[in-house]
Every structure is written in C-alpha cells, then in structure tokens.
Amino acid sequence: MKIVVFDPRRHRRTGFACGHDGLDDYLKRYASQTLRNRLARVYVAEDDEGKVLGYYTLSAASLGCDELPESLPKYPVPAVLIGRMASDRQARASGLRIGSHLLIHALKQALRAADVIGIRCVIVDSKPEAVAFYRRFGFIPLTEDGLKLYLPVSTIKALDGRDD
Ligand SMILES: CC(C)(COP(=O)(O)OP(=O)(O)OC[C@H]1O[C@@H](n2cnc3c(N)ncnc32)[C@H](O)[C@@H]1OP(=O)(O)O)[C@@H](O)C(=O)NCCC(=O)NCCS
C-alpha cells in the first residue's frame, strides 16, 4: 500500500465503500473537482493496481476566537484541516490499518506545512462514530458535540521526535 496524491485519471474508485455514502460519493464525483479548484489536497492509499483503499483531504483553515479552548490564544489560529477521511470496508477487513497510515501521513504533511508557514494545530471534522478513532491519536475535542477535534503541532513534533 502506498499513499500518494489522488490522480483521477489513474485511481480506480468505482467500488469504494466506507460505510458513509457521502464520503464514497465525494471520492467518486467531487474529489477531482476539489483538487482542480485547489480547495483541498486529496491523498489516497492505493494498492499495486491503483485501486483506492482509503483517502483523506487536507486544507488550510483558521480557528475563530469563539472556537478556541483556554489553551489556545484568543486570536484566530492558523490550522490544517483534515476534512474527510475514509477507508474501504473490505480493505479494512484485511488488517492493513489504512486509517492509521492515512492519519499519520496527514500529520506528517501538516508538519511539513508548519515548517514553511505558521500552523498551530491540526483540526478534524469527525463523524460521530469516528471520534474514538481520532481520540486514540491524542486529538482533543474542540466543540461541545465533540465532532471537531484538534491536535497541537507541538504535540505532533514531540511524537515525531522533534523539539524545534
Ligand atoms: C474511521 C476510519 C477512517 C478508520 O480507518 P481504519 O482503516 O478502520 O483504521 P485502522 O485499521 O488503522 O484502525 C486503527 C485502530 O483504530 C480503531 N478504530 C478504527 N475505527 C474506529 C472507530 N470508528 N472508532 C474507534 N476506534 C476505531 C481500530 O479498531 C484500530 O484499533 P487497534 O489499534 O486496537 O487495532 C474508518 O473506519 C472509516 O472509513 N470509517 C467510515 C468513515 C468515517 O467515519 N470517517 C471518519 C470521519 S471523516
């Protein structure tokens, strides 16, 4: 399994099914448009034949003052947003840990961005049933419903063995 930038001409995604029609539809119908319009980067986990096993999207974002917890400053904070993440149900069953690989890839991409521009944290808009998945990686709930979560870049750097 490899994680690469989504290429609509090459990646096979017709049978992709993660359990959420909206996330499946997005990959099949809207992901290429999103890429073209530079609204997000879309990364896919692919097998040797270019079949999509999972994907996620990454964009720039800003957290408004009203969304910020005590631990963050009281002015808008630049962030990287993981807008969508999904793994194919069938592929999931084969124990490839696609979600973990995608999430770690996303966090590394965020670190790369944070080396170039100011990024304070990674945020994610989660489905209710996936909150526990993000919490396992240390994400902290931002909103009362717990569906928006964040992970400080300083935490990711520490996990990556960096102290800069
Ligand atoms: C959430 C999702 C991306 C996780 O991907 P995955 O391929 O199942 O992830 P992994 O196999 O790497 O799982 C890593 C660990 O998290 C656990 N896990 C996976 N999904 C979980 C969930 N929804 N809640 C809690 N734990 C979860 C796994 O059991 C595994 O645990 P282990 O380390 O004890 O074995 C995937 O389940 C999915 O596509 N769900 C449907 C769409 C969705 O909800 N997307 C996220 C919101 S945008």
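For clarity, every value in this text was computed on a predicted model and none was experimentally measured. For ligands, and for the atoms within them, numbers begin at 1 and follow the listed sequence.
- A salt bridge links Asp25 with Arg29: at least one charged nitrogen is closer than 4.0 Å to a carboxylate oxygen.
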Result block: side-chain N/O donor-acceptor pairs under 3.5 angstrom for residues 103-111, not counting sequence neighbours:
unit_1 : atom_1 : unit_2 : atom_2 : d
His105 : ND1    : Tyr56  : OH     : 2.6
Gln109 : OE1    : Arg112 : NH1    : 3.3
Gln109 : NE2    : Tyr43  : OH     : 3.0

Q.
Please evaluate residues Arg84 and Thr57 with respect to the criterion side chain to side chain donor-acceptor pair (under 3.5 Å), reporting the C-alpha separation (whole Å), side-chain torsions for both, the decisive distance (0.1 Å), and the verdict.
A. CA-CA 5 Å; Arg84 293 178 174 82; Thr57 65; 4.8 Å; no
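- The side-chain contact (heavy atoms from CB on, under 4.5 Å) check on Ala60 picks up nothing, with sequence neighbours excluded.
- For Asp7, the side-chain contact (heavy atoms from CB on, under 4.5 Å) criterion is met by Arg9, Arg10, His11, not counting sequence neighbours.
- Using a 4.0 Å heavy-atom criterion, the residues that approach ligand 1 are Cys18, His20, Leu23, Met85, Ala86, Ser87, Arg92, Arg97, Ile98, Gly99, Ser100, Asp125, Lys127, Glu129, Ala130, Ala132, Phe133, Tyr134, Arg136.
- A pairwise comparison of heavy atoms in Pro152 and Ile140 identifies CD-CD1, 4.4 Å as the closest pair.
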